[in-house]
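Letters A, B, ... are given to chains in the order of the sequence lines, protein chains preceding strands, and every chain is numbered from 1. What's counted below: heavy atoms across the whole structure, side chains too, no hydrogens, waters or symmetry copies.
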Amino acid sequence: MATMGGDQRQMMEDAAEDKFPEGLRILVVDDDRVCLTVLEALLRRCKYQPTTVMDAKTALRMLMAGKQQFDLVITDVCIPDMDGFKLLELIRLEMNLPVIMLSVDCDKKVVMKGIEHGASDFMVKPVRTHELKNIWQHVQRWRNPKAISHISDHDSDVQRVQPATADKSKLSGNKRNVVDDSNKHNESTCVSATHRKPRVTWTIQLHNKFLEAINQIGLDRAVPKKVLELMNVDYLSRENIASHLQKYRLHLKKVNSNHSGDAYERWNSSYNMNN
DNA sequence: TTAAGAATAT
DNA sequence: GATATTCTTA
């Protein structure tokens, strides 16, 4: 990777605000040199800023080392030193980045697996430019999760329809349009995944920040909205905090009733898994 | 209409 | 168990 001077970085930040999708930093992981090169060229053509690596370990090391150096990761399913899904999992666990999976075939099971592991998207090789042009949307989704439109109409699941009051649409005429997917596979198009916010992991750091906020506000006056503001962590939602606050208060109650000294320990120990 | 907090669901 | 989502209430 090229080291960049302050000027360049500044330029990129400007770009990030003005013409947002340009200059997006993308890490591409694929063991096939040809694919890698092609992909790199295509990404460049889309005005992105690709970095290529050929194995998972290097990818991880780069991601971990400089924090927040990338906006998006694209990885092949088959990479030598690690299962692509494993890599996906790790990235999702350790960092807050959208990941796009890549594969040569569109086997439903594989795609499914990608989705289940939290891939933002799944593309089938060969990837075309027009598919890449739009991948910035995943970054945008990540940064602004509020804009997520719940398109959960992908199964024949009996959608539990509440009587009159449940209608969220503002339009009076409620058209329940189900986009028919008559073309289940056009070859080499990207199969769009359900975009789902990653489950929040309350690391010790995050929890400490939470505590800090609570201390500042005062436990009794602490409400999710205020805590959210004070914490100022962009990927957290009010609901996330509400949930955690609920758990925290429950925990406090326990501690108060039976104050066995190790209750505190127990609370903290549940955060020692990672970070 | 929004948000808190309890109750459930995953 | 942890976190998300739904439900009820204010």
- Go through the structure and list residues passing side chain to side chain donor-acceptor pair (under 3.5 Å) with A:Ser103, not counting sequence neighbours. A:Asp105
- Query: Can A:Asp30 and A:Lys125 be counted as an ion pair, charged N to O under 4.0 angstrom?
  - Reply: yes
- Counterpart residues, salt bridge (Lys or Arg N to Asp or Glu O under 4.0 Å), relative to A:Arg45 (two or more places apart): none
- Query: Counting just side-chain N and O atoms, does A:Lys247 come under 4.0 Å of either OP1 or OP2 of C:dG1?
  - Reply: no
- Task: Go through the structure and list residues passing side chain to side chain donor-acceptor pair (under 3.5 Å) with A:Thr37, not counting sequence neighbours.
- Result: none
- Query: Which whole-number value in Å describes the distance from A:His244 NE2 to B:dG5 P?
  - Reply: 15 Å
- Heavy atom of residues 220-230 of chain A under 4.0 Å from DNA chain B: which residues? A:Val223, A:Pro224, A:Lys225
- Query: Among all residues two or more places apart in sequence or in another chain, which pass the side chain to side chain donor-acceptor pair (under 3.5 Å) test with A:Arg44?
  - Reply: A:Glu40
- Any side-chain N or O of A:Asn240 less than 4.0 Å from the OP1 or OP2 oxygen of C:dA4? yes
- From the options C:dT5, B:dG5, C:dA2, select the nucleotide whose nearest atom is closest to the side chain of A:Leu245. B:dG5
Produce the list of close N/O pairs, under 3.5 Å, pairing protein atoms with atoms of nucleotides 7-9 of chain B; give distances to one decimal.
unit_1: B:dA7; atom_1: N7; unit_2: A:Gln246; atom_2: NE2; d: 3.0
unit_1: B:dA7; atom_1: N6; unit_2: A:Gln246; atom_2: OE1; d: 2.9

- Quickly work out the A:Tyr248 OH to B:dA4 P distance and round it to whole Å. 18 Å
- Task: Output all residues satisfying side chain to side chain contact (heavy atoms under 4.5 Å, CB included) with A:Ala56, sequence neighbours left out; order by chain, then residue number.
- Result: A:Ile79, A:Asp81, A:Met82, A:Leu87
Quick one: which protein N/O atoms are closer than 3.5 Å to N/O atoms of nucleotides 8-10 of chain C? Pair and distance per line, please.
none

- Query: If we only count heavy atoms from C-beta on, is the A:Ile135 to A:Ile26 side-chain gap below 4.5 Å?
  - Reply: yes
- Task: Could you list all the side chain to side chain donor-acceptor pair (under 3.5 Å) pairs where at least one residue sits in residues 221-232 of chain A, not counting sequence neighbours?
- Result: none
- For atom NE2 of A:His251 and atom P of C:dT3, their distance in whole Å: 13 Å
- Query: Considering residues at least two apart in sequence or located in another chain, which fulfil the side chain to side chain contact (heavy atoms under 4.5 Å, CB included) criterion with A:Met54?
  - Reply: A:Arg33, A:Leu36
- Task: For A:Asp31, check side chain to side chain donor-acceptor pair (under 3.5 Å) against everything at least two apart and list the hits.
- Result: none
- In whole Å, what is the span from the CD atom of A:Glu239 to the P atom of B:dA3? 9 Å
- Starting from P on C:dA4, measure out to OH on A:Tyr235 and report it in whole angstrom. 11 Å
- How would you list, by chain and number, every residue that makes a side chain to side chain contact (heavy atoms under 4.5 Å, CB included) with A:Leu245, sequence neighbours excluded? A:Phe210, A:Ile214, A:Pro224, A:Arg249
